[in-house]
There are 2 protein chains.
Amino acid sequence: MEALRKYFDKFILLNDEEWNDFEACLTKESIQKKDLILKENEKCDFLAFIHEGIFRFYSFNDGSERITAFFFSGDFVTNYRSFLTGKPSEHNIEALTDGVIYRIKLAQLQKLYDKHQTLERLGRLVAENLYLTVANRLDSFMFQSPADRYNELVKRNSKLLSEIPQYMIAAYLGISPETLSRIRARK
Amino acid sequence: MEALRKYFDKFILLNDEEWNDFEACLTKESIQKKDLILKENEKCDFLAFIHEGIFRFYSFNDGSERITAFFFSGDFVTNYRSFLTGKPSEHNIEALTDGVIYRIKLAQLQKLYDKHQTLERLGRLVAENLYLTVANRLDSFMFQSPADRYNELVKRNSKLLSEIPQYMIAAYLGISPETLSRIRARK
DNA sequence: ATCATTTATTGACTTTGGTCAATGAAAAGT
DNA sequence: ACTTTTCATTGACCAAAGTCAATAAATGAT
């Protein structure tokens, strides 16, 4: 689990005791393409660290799918809202590729928070980071046109474009596949 | 500062020592209508607790104003992004009424985090809460029509409507004042 | 109370993106 | 390799929201 530890190091350095306690709570799972690691109406009581694979976080609006986020290796994936509030998830989390994740349960995480102030801090930093992610995405919806959102995606995350079908990119940008096709055509 | 302590109690109970250390870092300020407590391009190095007053958090897109949030007494107001990242703010925070706030500086808050695990936890809970707020707002932009957003606002926050001019509500909903006027007319 | 300014409404027109349908291209299954 | 299904593009049309401009209503200042 060196990958996970490295990811954490970006936020905060854990000593061996903290790390070992944390690692002991993780359970490894192999995931197949199209598996749902979280289903609508379930409570999300876990965080999952993605060792390998791509996931999408989506729900249905009327008939059509809306994708709130994609997650890649090195990311945490969870329904953070359901995780925090205990309410049932309105979203699904689906594997777009085969993969490997490490899960930790909410209850165990809370015990770790109590035991180590450093892990409590890590929890804060993770929450702050997630805040920044959604806040940026909110801005993109408030201030930018679909074409702007697409162009920024191309600039920032061209990897994503090559690995994910275009109609999902459209669902992520909040537009129809036809519109995305036209945005790409005109330029 | 009983109001602030009560607000905290919603998250977590502080003992007297923790509370006193925290309170000692607060500075009280009277604010006049139209004052900017944060200006574009400044770093936001504070959290402010609103004892009295209404504030708006806004920026300019091309020529026109976009309002990201309103804040009322009992809320914290800050540019959380600038606060967390240290980057200059792209937003202004303006008082819509006269008011009273209590500021705490980032540096002092960090000292408190180090001193008391409970305050560290409070920091996490506040971050988690802010996450939920923006995440809900993002959903409203991704999934709802302007009319839906307006109707929900009427349902949830009718107080806001009576205290804030309609063109600002429109800017908050991400639509033109004309469109809001028409949404209200048809029904 | 009057006048000036700000805010809200309404109409005409434009722009943008959505929907439906047809066609082409690519990928997956046998 | 061939068929089937999925995905992407394109066209025609529609609906929603934006813009510009005129007017009305409300608010504030003197």
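Letters A, B, ... mirror the listed sequences (proteins, then strands); counts begin at 1.
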Original post:
Among D/dT19, C/dT9, C/dT7, which nucleotide sits nearest the side chain of B/Pro165?
Top reply: C/dT7
Original post:
Are any of B/Thr179's side-chain N or O atoms less than 4.0 Å away from OP1 or OP2 of D/dG18?
Top reply: yes
Original post:
Hey, is B/Glu65 close enough to B/Arg56 for a salt bridge, meaning N to O under 4.0 Å?
Top reply: yes
Original post:
Roughly how many Å is it from CD in B/Glu178 to P in C/dC13, rounded to a whole number?
Top reply: 16 Å
Original post:
In whole angstroms, how far is the P atom of D/dG18 from the CZ atom of B/Arg66?
Top reply: 8 Å
**OP:** Could you check how far CG of B/Leu180 sits from C1' of C/dT9, rounded to whole Å?
**Re:** 11 Å
Subject >> Closest to the A/Pro146 side chain, choosing from C/dG17, C/dT10, D/dT10 >> reply: C/dG17
Original post:
Got a second to check how far B/Tyr150's OH is from B/Thr179's OG1, nearest 0.5 Å?
Top reply: 13.5 Å
Subject >> DNA chain C: 5'-proximal contact among A/Ser176 and B/Pro177 (nearest heavy atom) >> reply: B/Pro177
Original post:
What integer distance in Å separates A/Lys34:NZ from C/dA27:P?
Top reply: 15 Å
**OP:** Answer yes if the ring centres of B/Phe141 and B/Phe143 are under 6.0 angstrom apart, and no otherwise.
**Re:** no
Subject >> 5' priority, DNA chain C, between A/Ile183 and B/Ile164 [closest heavy atom] >> reply: B/Ile164
Subject >> B/Arg182 side-chain N/O to D/dA17 phosphate OP1/OP2 under 4.0 Å >> reply: no
Original post:
Is the shortest side-chain N to carboxylate O distance from A/Arg103 to A/Asp45 below 4.0 Å?
Top reply: no
**OP:** Select one nucleotide: of D/dG18, D/dT10, C/dG18, the one nearest the side-chain heavy atoms of B/Ile175.
**Re:** D/dG18
Subject >> Contact under 4.0 Å: B/Gln166 side-chain N or O vs C/dT9 OP1/OP2 >> reply: yes
Subject >> Interatomic distance where CZ belongs to A/Arg186 and C1' belongs to C/dT15 [whole Å] >> reply: 11 Å
Subject >> B/Tyr80/B/Tyr131 aromatic ring centres below 6.0 Å >> reply: no
Original post:
Just how far, in rounded Å, is C1' of D/dA8 from OH of A/Tyr167?
Top reply: 12 Å
**OP:** Measure the distance from CE on B/Met168 to P on C/dT7 and round it to the nearest whole Å.
**Re:** 7 Å
**OP:** Quickly work out the A/Asp148 CG to C/dG17 C1' distance and round it to whole Å.
**Re:** 14 Å
